[in-house]
Novice: 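Once you've had a glance at the structure underneath, I'll fire off some questions.
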Amino acid sequence: MRAGDHRNGPRPGTLAVHAGSGPDPGTGAVVTPIYQSSTFLYPAGDRALQYTRYGNNPTQTAVHEKLAALEGAEAALALSSGMAAIATAILSVCGRGDHIVAAPALYGGTHSLLDRELPRLGIEVTYAEDADPAAWERASRSETRLWLWEAISNPLLRVPDGPALAALARARGITTLVDATFASPIHQRPASFGVDLVMQSGTKYLGGHSDLIAGTLAGSAERIRRATELMHVLGGSIDPHAAFLLERGMKTLAVRMARHSENGRAVAEFLAGHPAVERAHYPTLPDHPDSEVAARVLTGGAGGVVTFVPRLTASETEALVGRFRWIELAPSLGGVESLVSMPSMTSHRMMPAEKRRERGIPDAMVRLALGIEDSSDLIDDLDRALAGR
Ligand SMILES: *Cc1c(COP(=O)(O)O)cnc(C)c1O
């Protein structure tokens, strides 16, 4: 059995706890210790040099094993941030003269990397017009080496047909890279439908407590070997203490995701039926443009991010998001606590207002990143704030 073959082997909740974790061979400690050491004795024989920048510190390799099992991939790698992971992944595939086709809606940092930094290295990017696989084929040319998309996009929570895109790319010999941060390996395992490289911002659901910065990659042994080789020289390796926190967070990933997604669905349904709400966005809502795709490509839930547009002006909405008792005003997602932000003032601040409106992101849009509190308290909070109290 391949690690992570969930049809026959252990399920994600069991893998999250046990895969890659302790006991420590030296001491019998049940939990993998923090090996806070940059270097290790010269190995006897031909074993590889052990040095923490190389990603072979035991606290790091515990994360690699757990993550590979959860992603259902041959191998995995932890890095110092989500951006280190995505930059290392792209540069492990593309060089001068190569071309990338990317989804139109990506994380802001990824957009900056694609629009500002990669062109300086002679790597060109075209954005596919929409999620339709035919648009990706039209945007591709003979130099296209990589297709890049997010499993669930921000802030409209669009869900591309990953299996269809992966199959088309494979037929053309194009590598695929998916940022699956919003789904986590609990709700989507892109490696299981043939995606070559899967990236996560470990800062979000994997870590789960808003207390660390980390990123991860998963894929075939050969692709992860190449990414690791590049990490040796780019240097985006994860610190042992952050690796420990990441592994500790991942142990509860399955139970936390179940709660995040239960809250996501309950809050989305509440907002969709509220008279003071013009529009709610969540992949399981029947009026969501990708609800059918989501039902096919996401398993067991759609995560804790819900977006809505109240029937208010942008400045009235600013007052609204300040009235919550439990939901705190801060960027990011994936922690146990619920957070709220307005895309027009955070992730999409740099985009001209007109372009935002064209993209379906009005200035009064609110993004909720729901935590694991009780959904009835979150709903009470929203209900009260929408009533102006
Ligand atoms: C946060 C985030 C990133 C960047 O991750 P960092 O850990 O902050 O570097 C990339 N993609 C998505 C979808 C994110 O939410």
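In listed order, ligands and their atoms are each counted from 1.
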Novice: Can you tell me the protein heavy atom closest to atom 4 (C) of ligand 1 and the distance?
Specialist: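 Looking at atom 4 (C) of ligand 1, the protein heavy atom closest to it is Tyr107 CE2, 3.4 Å.
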Novice: Can you name the atoms of ligand 1, numbered from 1 with element, that are less than 4.0 Å from a heavy atom of Thr181?
Specialist: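 The list of qualifying atoms is 12 (C), 13 (C), 15 (O).
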Novice: For ligand 1, is there an N or O atom under 3.5 Å from any N or O atom of Met83?
Specialist: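 Min N/O separation from ligand 1 is below 3.5 Å for Met83.
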Novice: Below 4.0 angstrom from a heavy atom of Thr203, which ligand 1 atoms are there? Numbered from 1 as shown, please.
Specialist: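 Per the distance check, 6 (P), 7 (O).
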Novice: Considering heavy atoms of the protein only, find what lies nearest to atom 1 (C) of ligand 1 and give residue, atom and distance to 0.1 Å.
Specialist: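 Closest protein heavy atom to atom 1 (C) of ligand 1: Lys204 NZ, 1.4 Å.
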Novice: Using a 4.0 Å cutoff against the non-hydrogen atoms of Ala214, which atoms of ligand 1 qualify?
Specialist: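 Those of ligand 1 that fall under 4.0 Å from Ala214 are 7 (O).
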Novice: So if I count the atoms of ligand 1 from 1 in the order they appear, which ones are less than 4.0 Å from some heavy atom of Ser81?
Specialist: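 Those of ligand 1 that fall under 4.0 Å from Ser81 are 7 (O), 9 (O).
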Novice: Taking the non-hydrogen atoms of Ala84, is any one of them nearer than 4.0 angstrom to ligand 1?
Specialist: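 Flag not set, Ala84 not near ligand 1.
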Novice: Less than 4.0 Å between a side-chain N and a carboxylate O, is that true for Arg120 and Glu117?
Specialist: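 Yes, this pair counts.
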Novice: Please state which protein non-hydrogen atom is closest to atom 6 (P) of ligand 1 and give its distance, to 0.1 Å?
Specialist: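 For atom 6 (P) of ligand 1, the nearest protein heavy atom comes out as Gly82 N, 3.3 Å.
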Novice: I'd like to know if the side chain of Thr181 reaches the main chain of Gln200, judged simply by a donor and an acceptor atom lying under 3.5 Å from each other, with no hydrogens or angles considered.
Specialist: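 No.
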Novice: Aromatic contact between Phe270 and His274, with the criterion being ring centroids under 6.0 Å apart: yes or no?
Specialist: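 They qualify: ring centres under 6.0 Å apart.
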Novice: Taking NZ, NE, NH1 and NH2 as the nitrogens, is one of them in Arg158 or Glu150 under 4.0 Å from a carboxylate oxygen of the other?
Specialist: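 Between Glu150 and Arg158 there is no salt bridge, as every charged N stays at least 4.0 Å from the carboxylate O atoms.
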Novice: Using a strict cut-off of less than 4.0 Å between a Lys/Arg side-chain nitrogen and an Asp/Glu carboxylate oxygen, indicate whether Glu222 and Arg226 qualify as a salt bridge.
Specialist: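 No salt bridge links Glu222 with Arg226.
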Novice: What I want to know is whether Gly202 and ligand 1 share at least one N or O pair that is separated by under 3.5 angstrom.
Specialist: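 Between Gly202 and ligand 1, no N or O pair is found under 3.5 Å apart.
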Novice: Give yes if a backbone or side-chain nitrogen or oxygen of Ser201 is under 3.5 Å from a nitrogen or oxygen of ligand 1, and no if not.
Specialist: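 Yes.
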Novice: With heavy atoms of Asp179 as the reference, note each atom of ligand 1 found under 4.0 Å away.
Specialist: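 Taking each heavy atom of Asp179 in turn, ligand 1 has 10 (C), 11 (N), 12 (C), 13 (C) under 4.0 Å.
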Novice: Taking NZ, NE, NH1 and NH2 as the nitrogens, is one of them in Arg325 or Asp381 under 4.0 Å from a carboxylate oxygen of the other?
Specialist: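 No, Arg325 and Asp381 are not salt-bridged.
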Novice: Kindly state whether the ring of His288 and the ring of Tyr282 have centres lying under 6.0 angstrom apart.
Specialist: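 Distance test on ring centres: not under 6.0 Å, no.
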Novice: Would you mind checking if Arg259 and Asp374 are paired as a salt bridge, meaning a charged N to carboxylate O distance below 4.0 Å?
Specialist: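 Answer for the salt bridge query: yes.
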